[in-house]
Amino acid sequence: MEPVIVIHGGAWAIPDHLAECSKTGVKNAAKCGYSVLVNGGNSMQAVESAVRILEDDRSFDAGHGAVLNANGDVELDALIMDGKNLAAGTVSCIKNISNPVTYARLVLEKTSHSMLTGKGADAYAEKLNIARVSRDELVTEYAIQEWEQYHKYKQSVTNLFNTEKAHDTVGAVAIDSEGNVSCATSTGGITNKMVGRVGDSPILGCGGYADNHTGAVSTTGHGESIMKVTLARLVLFYMEQGDTPKAAADQALEYMLHRVHGRGGLVAVSKNGQWAARFTTKRMAWASIQNGILTYGLNPEEKFQECLDNFSCR
Ligand code: GLY
């Protein structure tokens, strides 16, 4: 099986000043994940490595660069899932951690549970000696400006998402040379969310899902809408009925738009290595690598290609 990785950096109305760094960020993450795959790593290692790159990149709403909740604090959600055995690790409402995706993987590997949240998750992170960072280290000037705008104009989060003006989420899907698929998703959620609000990203079947029998999906967009339609699992359902990843993604996103007026995007890979990156927001930065060809885009129906001859993390 030819390995494939597909990355997204969040579906939203990415402003022009973040367009180039968003494209560079998803390309870096794709190269890193692909280097893991071509050097004998499995799809779990690839999606984790790729999402860590995005969590460390301040252009994205995950880890460093996360948006702020109603109290101006950072609460992070993440998910990772292994399509080989349906094992999953997820964390929600965690604080002071740079790479929630790695913590989610530790929940998968070291506990008998699928999700840890809030204070319990904080306590377990201490026990595992996971490095803690201050809130200020995670917060960007842009996140503060976004938060101030919400407060100034008292805008509702839902309305903003429907007009495509919300910073959002990162994710990756991959298939390795053994045919194993995985997904990972990580987010700071949505600006001005209530303290304790958990979105779709750490919820299995919503923010992501992976099953070797079909494929893997990582989603982005308005979390409450995504949860209502269980977006990741809906895409896989359409793929199980025979749709390509692109047709399944379009059908599921269209359903979410018309049924609950929610916008978003996703990346998907099938068990045969077909892939798609689709969205109903103004923009979504995405990148994919298959057979040494890097494909990427930002605007609807836009697609650029580059031939790569070496792969490395940055
Ligand atoms: N899609 C991320 C969130 O709504 O939290």
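Residue numbers run from 1 in the order of the sequence given. In each ligand, atom 1 is the first atom listed, and ligand 1 is the first ligand listed.
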### Summary
Between the CD1 atom in Ile289 and the CG atom in Leu294, the distance rounded to the nearest 0.5 Å is 5.0 Å

### Query
Hey, what do you get for CE (Met284) to CH2 (Trp12), rounding to the nearest 0.5 Å?
14.0 Å

### ligand 1 N/O within reach of Gly199 N/O, cut-off under 3.5 Å
no

### Task
State, without any angle test, whether Thr214 and Glu240 hold a side-chain donor-acceptor pair at a distance under 3.5 Å.
yes

### Message
Between ligand 1 and Gly221, is the shortest N or O to N or O distance under 3.5 Å?
### Response
yes

## Note on the structure
One finds that the ligand 1 atoms under 4.0 Å from a non-hydrogen atom of Asp200 are 1 (N), 2 (C), 3 (C), 4 (O), 5 (O)

### Task
Give the atoms of ligand 1, by number and element, whose distance to some non-hydrogen atom of Ser201 is under 4.0 Å.
1 (N), 2 (C)

### Query
When you check the side-chain N and O atoms of Arg132 and Asn96, is any donor under 3.5 Å from an acceptor?
no

### Query
How does Asp77 reach ligand 1, by side chain, by backbone, by both or by neither, if only non-hydrogen atoms under 4.0 Å count?
neither

### Message
Evaluate Arg197 for polar contact with ligand 1, using N/O atom pairs at a separation under 3.5 Å.
### Response
yes

### Query
Any side-chain donor-acceptor pair under 3.5 Å between Asp168 and Thr220?
yes

### Query
With a cut-off of 4.0 Å, which atoms of ligand 1 are near a heavy atom of Thr169?
1 (N), 2 (C)

### Query
What atoms of ligand 1 come within less than 4.0 Å of a heavy atom belonging to Gly189?
5 (O)

### Query
Purely on distance, is any nitrogen or oxygen of Thr187 under 3.5 Å from one on ligand 1?
no

### Task
Classify the side-chain pair His8/Ser218 by whether it contains a donor and acceptor separated by less than 3.5 Å.
yes

### Message
Is it true that, when you exclude His17 itself, more than 12 heavy atoms of the residues, nucleotides or ligands shown sit nearer than 6.0 Å to its NE2?
### Response
yes

